[in-house]
Amino acid sequence: MIHHLTSESSKLGESPPLPPRTFFGRDELIEKTVDLAEEFVPIALLGAGGIGKTSIALAVLHHDRIKQRFGDDRRFIRCDQFPTSRAHLLRRLSTVTGAGIDNPEDLTPLRTFLSSRKMLIVLDNAESILDPRGTDAREIYDVVEELSRFDNICICITSRISTTPPGFEHLDVPTLSIEAALKTFYRIYNSNDRSNVVDGILEQLDFHPLSITLLATVAQENKWDTSRLSREWEKRRTSVLQTQHSNSLAAAIELSLASPMFQELGPSARELLGVIAFFPQGVNEDNVDWLFPAISNRNNLLNGFCILSLTHRSSGFVMMLAPLRDYLRPEDPTSSPLLCATKEHYFTRMSVTLDPEYPNFRESQWIISEDVNVEHLLDVFTSINANLDGVWDACANFLDHLCWHKERLTILGPKIEGLPDDHCSKPKCLLRLSDLSSVVGDCVEEKRLLTHTLKLRRERGEDDQVAWTLMFLSDVNRQLDLPKEGIEQAKEALGICEQLGGTREQAACFIILANILQKDGQLDAAEEAASRSIGLVSEKGNQTLVCGSHRILGEIYESKGETEKAIHHFEIALGIASSLSWHNGLFSVHYSLAMLFLDQGRFDDAHAHIKQAKTHTDHSPHKLVYAMELQAVVWYKQRRFEEARSEALCAIDVLEKLGAANDIERCKRLLRDIQEELSSGLSCESP
């Protein structure tokens with residue numbers, strides 16, 4: 001918060017400035033600071049510029065318990081208002097406390113006075129004197145350390161730098177809660193118009209106190225209504241945060257960048273800070289070696305940023321508050337050589353073949369934690385230039401990574417569909433987009449995208465890709481209960497693959513055909529197709545196809561009532577998937593086994609395989625829902641309706657968050673059946 005700090009001088013020293021008027025959401029932190037001060041524990045209030053450290057310190061100085069404990073000996077020293085040297089600090093300390101010693105060279109002439117009374121001394125903006133690269137840094141550090149050892153004095157510092165003498169209790173000052181942020185905004189912005197627009201902007205500001213205060217002040221000074229405020233924010237972002245009195249977010253940030261410690265970090269620091277600011281998640285510390293190979297001191301730089309409170313660490317990432325991100329990120333991403341190099345490292349990392357049989361497959365799971373960063377990178381660079389080399393291939397690879405490792409939809413969908421039909425990468429990206437629709441359970445959308453893809457592939461005469469697209473269309477028609485259409489597509493795909501001579505492709509076609517024939521009740525034809533698939537690929541190669549062939553054979557034999565044969569093939573598939581650590585395959589086989597045992601009334605075995613299936617959902621909420629739904633059915637069959645109801649409700653909760661309307665309706669039908677049984681009193685115990 002920005003305060004105009006004034007003080008009155010007397011021979012008894014200086015009284016502290018008045019407490020802030022606009023101040024919400026800090027009660028717990030103030031109470032903790034007061035508790036420590038009463039026990040004379042040295043305190044360091046740490047955090048980014050504008051986070052509210054000074055406001056908290058002033059609130060503590062004027063707290064009733066602090067007044068009772070320290071009386072008039074509550075002192076406040078602004079460390080950025082005098083030249084950085086030990087002599088100036090000692091002179092200011094003598095004046096503020098009322099010691100009356102002119103130009104002391106050290107603490108010796110002040111000790112008698114300082115030892116004579118209980119004091120609380122706040123050293124505000126202490127980073128200006130404690131910066132280890134600043135003038136007289138060692139001597140000033142020693143003075144502050146000695147002051148903190150007085151048993152009758154409590155030293156409280158506010159600082160952007162986490163470097164403090166030993167013994168200080170570090171209290172990190174967080175951003176505001178949404179309630180406190182709204183109170184702060186509307187305390188300044190006098191309006192009865194409470195708008196969701198304001199809520200959204202404050203959230204984009206990460207509830208950063210200084211940014212909120214500046215935004216409210218600017219809006220109030222200019223008499224903006226919330227509609228105008230929204231337009232100004234969208235157009236100018238954090239550049240709008242500057243009041244008529246020249247208080248600005250930019251000034252607060254530049255103060256940190258001007259510090260000796262930041263300057264000492266070297267020429268790479270500012271650009272690396274801009275790259276961290278560019279990414280919504282910041283930078284994953286596990287990946288900095290391959291993201292920034294050209295920066296030799298990269299770890300030291302990241303540590304320095306955190307010490308300076310320009311960044312913070314969270315869940316393995318070095319992150320930045322949103323207002324700082326908005327100010328520090330490069331206006332033109334292509335103008336940052338480091339960001340462009342980082343982009344290429346991401347793109348290269350995503351170009352690996354994704355197949356559980358390849359050693360790179362497990363390594364590619366890095367996307368699970370970095371998906372938001374990569375999506376933002378692609379969103380920005382495809383907006384800058386849709387024809388940029390490699391960007392759309394990288395986009396297709398990213399969607400492939402999501403399909404395998406983190407099943408969710410993407411903001412890139414409209415951009416992909418908006419590409420001209422003659423764009424070289426459009427069919428590939430559409431196909432990957434359809435894969436995502438498949439894994440999140442939207443078969444109708446998947447079919448629409450595949451139909452468009454098939455049209456483009458046919459127009460280009462890409463027979464091999466036409467075959468694969470037909471296979472995917474056949475499978476989605478199976479899920480949509482359109483077996484006739486799906487069988488025709490699978491057979492057309494098989495014909496193309498036989499002409500092209502690819503055994504792997506033919507094996508995949510036979511698996512697709514076996515699946516849809518089994519769904520249509522043509523069990524002998526399905527068995528023949530699955531067996532031919534196994535005959536085309538060796539047991540030592542194409543293991544995912546072999547696994548899929550045995551799994552579908554298991555389902556075929558189950559449909560035929562040949563349980564032992566079914567279990568035999570499921571166990572073969574399970575062994576292959578286990579050897580590959582292939583979560584998708586393991587989930588599918590355990591799920592199929594659970595279904596088999598459910599149909600046989602072997603509920604304990606069904607529960608065991610559902611439990612195993614849940615461990616292999618691999619960041620897929622839809623797989624988890626399928627397992628939960630099946631679990632509810634097993635409980636229902638056992639007439640354990642309370643457990644069934646609980647599992648069904650959990651599944652519905654996940655589906656509502658995903659917006660999967662068709663799946664929700666199916667689960668709700670199950671829940672209604674369970675509720676009816678509960679209402680009729682036929683509940684509880686297993687027969």
Side-chain angles (χ1 to χ4, degrees), residues 350-351 353-355 375 378-379 382 386-387 390-500 502 504-513 515-516 544-545 548 584 622:
M350 288 191 297
S351 64
T353 301
L354 290 183
D355 188 313
E375 184 175 53
L378 289 164
D379 187 38
T382 52
N387 296 312
V391 70
W392 289 107
D393 285 340
C395 183
N397 291 336
F398 170 64
L399 301 184
D400 208 14
H401 276 69
L402 288 185
C403 286
W404 280 102
H405 297 306
K406 194 165 187 177
E407 298 172 359
R408 68 168 179 83
L409 297 179
T410 171
I411 62 173
L412 299 170
K415 285 192 170 184
I416 292 170
E417 294 204 66
L419 288 172
D421 279 356
D422 60 355
H423 193 286
C424 60
S425 298
K426 185 166 184 176
K428 181 195 297 187
C429 290
L430 278 176
L431 186 65
R432 296 291 184 266
L433 201 57
S434 73
D435 288 343
L436 279 183
S437 296
S438 171
V439 295
V440 301
D442 192 344
C443 295
V444 174
E445 177 67 4
E446 180 189 6
K447 182 172 181 177
R448 184 185 70 82
L449 292 167
L450 284 171
T451 302
H452 192 177
T453 306
L454 181 62
K455 172 180 174 293
L456 298 181
R457 294 298 194 191
R458 288 193 193 279
E459 288 173 353
R460 300 178 190 205
E462 299 169 340
D463 288 345
D464 57 335
Q465 295 302 320
V466 167
W468 280 109
T469 309
L470 284 166
M471 281 188 253
F472 297 138
L473 267 170
S474 173
D475 196 54
V476 76
N477 278 317
R478 173 184 64 84
Q479 296 174 69
L480 291 169
D481 290 323
L482 298 169
K484 183 177 180 181
E485 185 179 346
I487 291 169
E488 289 176 358
Q489 289 162 338
K491 288 181 176 179
E492 183 185 353
L494 182 59
I496 295 172
C497 291
E498 287 172 343
Q499 287 179 355
L500 295 174
R504 186 175 187 276
E505 290 75 10
Q506 290 178 58
C509 276
F510 277 122
I511 291 175
I512 295 292
L513 185 59
N515 262 301
I516 197 163
T544 55
L545 291 174
N584 191 36
H622 281 87

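Values below: all heavy atoms of this structure, side chains included; hydrogens, waters and symmetry mates excluded.
Between Leu450 and Leu431 the shortest side-chain heavy-atom distance falls below 4.5 Å. Counting heavy atoms from C-beta outward, Asp475 and Ile516 have side chains that stay 4.5 Å or more apart. In this structure the side chain of Arg408 never reaches within 4.5 angstrom of the side chain of Leu436, judged on heavy atoms. Using a 4.5 Å cut-off on side-chain heavy atoms (C-beta onward), Phe398 and Thr410 make contact. Contact annotation: the side chain of Cys429 approaches that of Trp392 to within less than 4.5 Å [non-hydrogen atoms, C-beta and beyond]. Leu412 places a side-chain heavy atom less than 4.5 Å from the side chain of Cys395. Residues Lys428 and His423 have side chains not in contact (no heavy-atom distance under 4.5 Å, counting atoms from C-beta outward). For the pair Asn477/Lys484, no side-chain contact is recorded, criterion being any heavy-atom separation below 4.5 Å from C-beta on.
Nearest approach of Gly548 to Ile511, heavy atoms of both residues: C-CD1, 4.3 Å. Scanning both residues, Leu449 and Ser437, for their nearest heavy atoms gives CD1-OG, 3.7 Å. In this structure, Leu399 and Leu433 approach most closely via the heavy-atom pair CD1-N, 3.8 Å. Closest approach of Val476 to Cys443, counting heavy atoms only: CG2-O, 3.4 Å. In plain terms, the two heavy atoms of Ala493 and Met471 that are nearest each other are CB-CG, 3.9 Å. Closest heavy-atom contact between Ile496 and Asp463: CG2-O, 3.5 Å.
Annotation: the span from Asn515 atom CG to Ile487 atom CD1 amounts to 11.5 Å, rounded to 0.5 Å. A distance of 8.0 Å separates NE2 of His401 from OG of Ser351, quoted to the nearest 0.5 Å. The CG atom of Leu430 sits 9.0 Å away from the CZ atom of Arg457 when rounded to the nearest 0.5 Å.
Salt bridge status for Lys455 with Glu459: present, with a side-chain N to carboxylate O gap under 4.0 Å. A salt bridge links Arg458 to Glu492: at least one charged side-chain nitrogen sits closer than 4.0 Å to a carboxylate oxygen. Of the charged side-chain nitrogens involved, none lies within less than 4.0 Å of a carboxylate oxygen, so that Glu485 and Arg478 do not count as a salt-bridged pair.
Around atom NZ of Lys491, no more than 12 heavy atoms belonging to other residues, nucleotides or ligands sit under 6.0 Å away.
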Distance-only check: which donor-acceptor pairs under 3.5 Å involve side-chain atoms of residues 414-421, not counting sequence neighbours?
| residue | atom | partner | partner atom | Å |
| --- | --- | --- | --- | --- |
| Lys415 | NZ | Asp379 | O | 2.5 |
| Lys415 | NZ | Asp379 | OD1 | 2.8 |
| Lys415 | NZ | Thr382 | OG1 | 3.1 |
| Lys415 | NZ | Ser383 | OG | 2.2 |
| Glu417 | OE1 | Arg448 | NH1 | 3.0 |
| Glu417 | OE1 | Arg448 | NH2 | 3.2 |
| Glu417 | OE2 | Arg448 | NH2 | 2.8 |
| Asp421 | OD1 | Lys426 | NZ | 2.9 |
| Asp421 | OD1 | His452 | NE2 | 3.2 |

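In terms of modelled atom types and a separation under 3.5 Å, the side chain of Glu505 and the main chain of Trp468 share no donor-acceptor contact. Using a distance-only test at 3.5 Å, with no hydrogens or angles considered, a donor-acceptor pair links the side chain of Ser474 to the main chain of Gly486.
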